[in-house]
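Structure first, commentary second.
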Amino acid sequence: MRKLSNILVTGGAGFIGSNFIRYVMKNTDFTGTVINVDNLTYAGNMHSLKDIKSEFGDKRYFFEKADICDKSKIEDIFKKYNIDTVVHFAAESHVDRSITGPEAFIKTNVFGTFTLLEVSRKFWGERHDVLFHHVSTDEVYGSLGDTGFFYEDTPYDPRSPYSASKASSDHLVFSYFHTYHLPVTLSNCSNNYGPYHFPEKLIPLMILNILDEKPLPVYGDGKNIRDWLFVEDHNSAVWAVINNGTTGEKYNIGGENEWENITLVHYLCERMAHFTGKDNDYYKKLITYVKDRPGHDRRYAINCDKLKNQLGWKQSVDFAKGLDKTIQWYLSNSDWINTVKSGEYLKWVENNYTARG
Ligand code: NAD
Ligand code: TYD
């Protein structure tokens with residue numbers, strides 16, 4: 001087991017990063033310091049860490065507003081906190097946005113990762129007791145047909161600007177391992193869901209639209225398939241990898257839980273009806289088929305046997321329970337929803353719906 005003391009978490013104000021910080025502070029025996037570096041794009045939300053700030057702020061949890069592309073700021077942060085571990089979540093993360101505006105994806109996901117790698121390499125020199133963990137996606141492997149799975153050695157075949165930028169960053173990370181012997185690990189995870197998820201992604205968008213009784217936009221024929229994992233299970237996997245993973249290796253993380261989009265949206269409508277006291281089919285009338293996403297990957301499915309067999313990880317949250325927990329979280333956190341709705345969210349929903357309508 002590695003000794004981790006001062007962990008720099010990039011993108012800690014985002015969906016998975018904020019859940020990761022909460023997981024580390026509250027669900028593990030970690031006693032060190034977490035430094036959250038985030039430049040608060042539309043997807044970053046300080047309200048997602050209010051509880052952590054009030055419990056651990058300026059003692060074991062610190063926030064630094066910085067762009068990961070800003071080398072001198074990142075160098076200062078490494079020095080100030082004597083960073084020994086990087087867990088790199090920060091990214092532009094939404095496929096639809098990468099289609100309408102790819103430049104930010106190249107800047108943050110490629111150049112930002114490169115900048116972090118450079119600073120790590122220079123700050124750490126030849127040290128072996130340090131780690132750079134890169135959080136990536138199963139989308140780098142491309143699109144599957146009706147059968148088969150993504151394995152760690154599946155060739156990369158990214159098809160959106162988002163997945164291409166993540167694939168580039170994955171290659172850069174391994175190039176630093178081979179060329180400079182920087183201790184790195186990498187994980188490729190399937191679709192996450194859970195609390196604090198920005199409502200531009202399928203599940204939270206549907207939950208909020210159902211609450212407002214707005215149209216539920218289903219892309220194309222609705223038969224694309226995603227493999228869903230509760231966010232805390234992703235984070236327990238990342239924790240397992242940074243503590244016990246082998247440097248220079250990558251680990252797939254998945255839910256082993258495939259759903260066709262339209263089946264999932266029907267199920268969500270039913271669960272929302274259950275919680276709001278409506279008839280089972282009440283919300284289904286809102287479902288609206290819209291123009292497909294260009295280059296829409298058909299199916300993702302992860303094989304995560306390596307992680308299970310080598311590091312003893314397994315999913316702990318059953319999908320029905322995780323989804324109910326997620327819905328209940330949105331129903332009881334209107335404050336958080338209001339912070340999101342006061343920002344760029346509404347504009348995005350309007351624009352996206354008009355573009356596809
Ligand atoms: P998110 O969009 O919710 O959060 C991203 C965070 O990064 C935000 O807080 C944002 O402010 C910050 N950020 C963006 N650009 C930055 C920059 N230049 N400098 C500093 N901070 C910046 O994303 P997420 O869904 O939490 O995803 C986190 C990571 O996990 C990403 O690397 C993504 O590729 C990966 N991933 C996500 C999923 C998923 O289902 N969401 C699945 C697999 C992998
Ligand atoms: P998304 O949550 O954007 O994740 P990703 O594209 O990274 O897998 O989308 C999940 C699936 O849902 C994907 O097949 C696209 C589809 N989708 C819709 O049908 N309607 C929507 O409004 C959104 C946001 C996604």
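As the structure lists them, so they are numbered: ligands from 1, and atoms in each ligand from 1. Residue numbers count from 1 along this sequence.
- Contact annotation: for His94 versus ligand 1, there are no heavy atoms closer than 4.0 Å.
- Residue contacts with ligand 1, taken as heavy atom pairs separated by less than 4.0 Å, involve Tyr162 solely via side-chain atoms from C-beta onward.
- Atoms of ligand 1 lying under 4.0 Å from at least one heavy atom of Ser190, given by number and element, are 42 (C), 43 (C).
- For ligand 1, the polar-atom distance check against Asn39 finds a nitrogen or oxygen pair separated by under 3.5 Å.
- For Tyr42, no nitrogen or oxygen atom sits less than 3.5 Å from a nitrogen or oxygen atom of ligand 1, counting backbone and side chain alike.
- Within 6.0 Å of NZ on Lys314 lie no more than 12 heavy atoms contributed by other residues, nucleotides or ligands.
- Backbone and side-chain nitrogen or oxygen atoms of His234 are examined, and none is located within less than 3.5 angstrom of a nitrogen or oxygen of ligand 1.
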Exercise. Walk me through it: do Tyr61 and Phe56 pass the test ring-ring contact (aromatic ring centres under 6.0 Å, His included)?
Key: CA-CA 5 Å; Tyr61 167 74; Phe56 303 102; 8.2 Å; no

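- Taking the ring centre of Phe132 as origin, the terminal cationic atom of Arg121 falls outside the region bounded by 6.0 Å and 45° from the ring axis.
- Interface atoms of ligand 2 facing Glu139, defined by a heavy-atom separation under 4.0 Å, are 5 (P), 7 (O), 8 (O).
- Between the side chain of Asn244 and the main chain of Arg2, no donor-acceptor pair closer than 3.5 Å is present.
- Proximity of Cys69 to ligand 1, defined as any heavy-atom pair under 4.0 Å, is not found for any part of the residue.
- Backbone and side-chain nitrogen or oxygen atoms of Ala90 are examined, and none is located within less than 3.5 angstrom of a nitrogen or oxygen of ligand 1.
- Residue contact annotation: Ala66 has a non-hydrogen atom under 4.0 Å from ligand 1.
- The aromatic rings of Tyr300 and Phe150 are tilted relative to each other, their planes meeting at an angle between 30° and 60°.
- Close approach of ligand 1 to Cys189 is summarised as follows: ligand atoms under 4.0 Å from at least one heavy atom of the residue are 42 (C), 43 (C).
- The distance criterion of under 3.5 Å between nitrogen or oxygen atoms is met by Asn192 with respect to ligand 1.
- Any N or O atom pair closer than 3.5 Å counts here, and His197 shares no such pair with ligand 1.
- When the heavy-atom distances from atom 21 (C) of ligand 2 to Tyr162, Tyr300, Tyr219 are ranked, the shortest goes to Tyr219.
- Residue contact check for ligand 1: Phe89 places a non-hydrogen atom closer than 4.0 Å to it.
- A donor-acceptor contact shorter than 3.5 Å links the side chain of Asn303 to the backbone of Asp305.
- Atoms of ligand 2 lying under 4.0 Å from at least one heavy atom of Asn191, given by number and element, are 4 (O), 5 (P), 8 (O).
- Within the 4.0 Å heavy-atom criterion, neither part of Asn45 lies near ligand 1.
- In terms of polar-atom proximity, defined here as any N/O pair under 3.5 Å, Thr137 makes no such contact with ligand 1.
- Each of the following atoms of ligand 2 lies closer than 4.0 Å to a heavy atom of Asn261: 11 (C), 12 (O), 13 (C), 14 (O), 16 (C).
- The single protein non-hydrogen atom nearest to atom 10 (C) of ligand 2 is Leu202 CB, 3.9 Å, given as residue, atom name and distance.
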